[in-house]
Amino acid sequence: MYENPAAVAAEEDTLAGIVDTIIYQNGENGYVVFGMEDTTGAMVTVTGVVPYLSEGDTITVRGQWTNHNVYGRQFKAVSYDKQLPAELSDILRYLSSGAVKGIGPKTAQKIVEQFGTDAFDVLENHADWLVDIPGITKKKAQDISENFKSIAGARSVMLFCRDFFPSATAMRIYKKWGGAAVDRIKDNPYSLCEHFNGISFRRADQIAAQLGMDPDSDERILHGLSHVLSTESQRNGHTCLPEDELVRCTVELLFNQNTAYVPQIRAQMDRAYAESRLVVVNRNGMRLVYLPHFYRAETYVAKKMKQLSQLSARMDTSDIPRMIEKSEAQCGIPYAKMQRQAISDALCDGVMILTGGPGTGKTTIIKGLLSIFASMDLQISLAAPTGRAAKRMSEATSHEAKTIHRLLEMDAADETGASFMRNEQNRLDEDVLIVDEASMIDVLLMEALLRAIKPGARLILIGDTDQLPSVGAGNVLGDICASGQFRVVRLTEVFRQSQQSYIITNAHRINEGQLPEPSKADGDFFFLKRQTEEAISATIVDLVQNRLPKTYGASVISQIQIITPSRKGMSGTETLNAGLQAALNPPAPGKSERKSRDIIFRVGDRVMQTKNDYTLEWETDGGKNGMGVFNGDIGVVTDIDDHAEAVEVTFDDRKCLYDYTQLDELDHAYAITVHKSQGSEYPVVIIPLFDCAAMLQSRNLLYTAVTRASRMVILVGKTSVLERMIANNHQAGRCSLLRDWLEDGESI
């Protein structure tokens, strides 16, 4: 939750004065470093978010004194009041600074001579008077006035928001909504949490209360209903909720479980249905409620999947054995029975799903399909949900693979999502699309992908249904497989070369409910038994800092990933990350760092993006530019610039700049949760086994963690926890109707 500057005002110092010089200014985020002459005549260096600041501005700033290790004593502004100058000399200085587009020093002199202290009133309310100034045409006068009004609008928004948000957040609101922001917030404060990442429903609720909105107002209830559905989609992957459950959660959220408000909630639900703000579906004697975009996504996915299955060109089945034999000769690999079946099914139908664990030959099938489809002169693309998965797919097949976002040519983006150039109006040219790691695809991304696939194209989904479902809402791959509407080939045979890997054989043992077998000293799967969380945590730090580098060389450190079930506890990500940072990247003279929340980010830290941010721009050393950094992407902090208030993070070859207000999107990544590891592969994986929440001690969670490793797995912890996880094959269900829509024979 954002800190309310008004709530901490008593702990802040206040300075007032005139802006003397602008030392540094970032027009994008409003961050500025400036010299100010305070009321005593002293010169002070001030830093902070103060948009549209100009020399000559009269300003009052609130914040704290700091000591920068390079620039010395500075005042860090948290909030501010900015007044237009009143004295003639200050007005002239302000207008001469270039603050208003179209007014330079000479024109400023003429305006002040003509209108004196009324200059600002003329600029805002009497643009036509400006044409009396030589050199100012009617159009130029209008442009000058519009620019001055936009500056005034920004000031009013920043002043209104200062009681609710830090200046940086107010700047984001102004950039998106402009001068209308104040009216929009007053009219409906809950729209803030819909349109801005990081502004929670609780924060919007507090603002609504401060603005005098009734706690049982219609708008509060309507937004509360939407908030519950949105939260459940993010937290538990549900695309819809039973109506009674939605009512119960909304009563808890808004009215502290006071059921007297249930009739009002139900009345607003009926209104929301009538206005299409929510969608209700009667299914199997139960009423289920959707946010409209999830209803649209599920029903469209079902419709398009069935369409693709039916519309692809049918092949002469008598030709398939010959084509498979030719592919075997080209690839130099004899296909096993189920591999031949998978290739045949992919040729016979518009949709085929291939699922299986590690070492079962999925990559071999992809290579075979590539050779056959190429021989048919079909255009083929490979794709995966994440950059790491796409890179691994490219390396395994020697054929370029793209992320789904890149394939769809992500275009415009804002804080709430992305749009794509490839869609129903501009479909992909590909005749065949092969998508790996399909278990990671949530229902919204699947909808976007399917909208871009042309009718008649073939879609081949490859994944492992025994892994955890997608981080986003829905259970897409599982529901598609369970619907029985499409050809599904399940690979179970582990091939001989893969049997030599204890990682692969133990992954399958775990999946079958058996305890893993540790390998010999020169093997790739180890279990270090420890009985306390202190011992588990200490052993993991020692492995990364000392034991593994001593055996395999210092370069192994960058190849190690700790994957843990939970964020909490001494073996959770929070504690492990702090200990590993202290061991691997301690503070040092000249090494920049920045504290955000309770985390210190330091140059050299391994970090992870924790949410999809479609607006973050990046560039490569080769000069390529793009936008979008996604949940689970891992990079390294390569620079911290206090003057620009920005942190540079390099993700593989992509460099991104985060301003300090965006650091809540980053977390340390020396240790990550199993959920965040999905779709990635690491040479060495260390997995702590400790007592944590029962829902996190499950077989598919352990299986997912083990299958992230390519060269070595080290389990550290309790035998009892290992046994408990393998015995627990319960998988939390997700409330979704995709399977029902797929099984429904009627058109949607």
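Every residue two or more places apart in sequence or in another chain was checked for a salt bridge (Lys or Arg N to Asp or Glu O under 4.0 Å) with Asp653, and none qualifies. For Tyr703, the ring-ring contact (aromatic ring centres under 6.0 Å, His included) test picks out no residue, with sequence neighbours left out. Residues passing the salt bridge (Lys or Arg N to Asp or Glu O under 4.0 Å) test with Glu424, sequence neighbours excluded: Arg451. For Tyr335, the ring-ring contact (aromatic ring centres under 6.0 Å, His included) test picks out no residue, with sequence neighbours left out. With sequence neighbours excluded, no residue forms a salt bridge (Lys or Arg N to Asp or Glu O under 4.0 Å) with Asp524. Applying the side-chain contact (heavy atoms from CB on, under 4.5 Å) test to Asp442 and every residue at least two apart in sequence or in another chain returns Leu444, Leu445, Ser470. Listed by chain and residue number, Glu298 satisfy the side chain to side chain donor-acceptor pair (under 3.5 Å) test with Thr239 (two or more places apart in sequence, or in another chain). Applying the side chain to side chain donor-acceptor pair (under 3.5 Å) criterion to Ser394, with sequence neighbours excluded, gives no partner residue.
Within the structure, no pair that satisfies the salt bridge (charged side-chain N to carboxylate O under 4.0 Å, His left out) test touches residues 729-738, not counting sequence neighbours. Counting only residues at least two apart or on different chains, the salt bridge (charged side-chain N to carboxylate O under 4.0 Å, His left out) pairs with a member in residues 620-631 are Asp621-Lys655. A salt bridge (charged side-chain N to carboxylate O under 4.0 Å, His left out) check over residues 324-335, counting only residues at least two apart or in different chains, returns the pairs Glu328-Arg340.
Here the NZ atom belonging to Lys391 is positioned 5.0 Å from the CG atom belonging to Asp652, to the nearest 0.5 angstrom. Going from atom CG of Leu347 over to atom CD1 of Ile460 covers 7.5 Å, rounded to the nearest 0.5 Å. How far CG of Leu468 is from CG of Asn700: 4.5 Å, rounded to the nearest 0.5 Å.
By the neighbour-count criterion of 12 heavy atoms within 6.0 Å, atom NZ of Lys611 is densely surrounded, having more than that number from other residues, nucleotides or ligands. More than 12 heavy-atom neighbours from other residues, nucleotides or ligands sit within 6.0 angstrom of CD on Gln485.
Between His405 and Phe420, the ring planes are tilted. Angles from 30° to 60° get that label. Between Trp741 and Tyr290, the angle of the ring planes lies from 30° to 60°, which puts this pair in the tilted group.
Salt-bridge check for Lys454 with Asp429: failed, with every basic side-chain N at 4.0 Å or more from each acidic carboxylate O. The pair Asp744-Arg283 meets the salt-bridge criterion, since a charged nitrogen lies less than 4.0 angstrom from a carboxylate oxygen. Taking the charged nitrogens against the carboxylate oxygens, Lys676 and Asp667 have no contact shorter than 4.0 Å, which rules out a salt bridge.
No side-chain N or O of Asp464 forms a donor-acceptor pair with one of Thr707 less than 3.5 Å apart. Under the 3.5 Å distance criterion, with hydrogens and angles disregarded, no donor-acceptor pair is assigned to the side chains of Gln467 and Thr704. With hydrogens and angles left out, the side-chain atoms of Arg487 and Gln341 include no donor and acceptor closer than 3.5 Å. Under 3.5 Å, the side chains of Ser327 and Ser371 contain a donor-acceptor pair of N or O atoms.
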When the side chains of residues 374-386 are checked against the rest of the protein, which donor-acceptor pairs come out under 3.5 Å, sequence neighbours left out?
from: Ser375; atom 1: OG; to: Ile372; atom 2: O; distance (Å): 2.5
from: Ser381; atom 1: OG; to: Glu430; atom 2: OE2; distance (Å): 2.7
from: Thr386; atom 1: OG1; to: Ala389; atom 2: N; distance (Å): 3.1

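Taking the ring centroids of Phe525 and Tyr502, they lie at or beyond the 6.0 Å cut-off.
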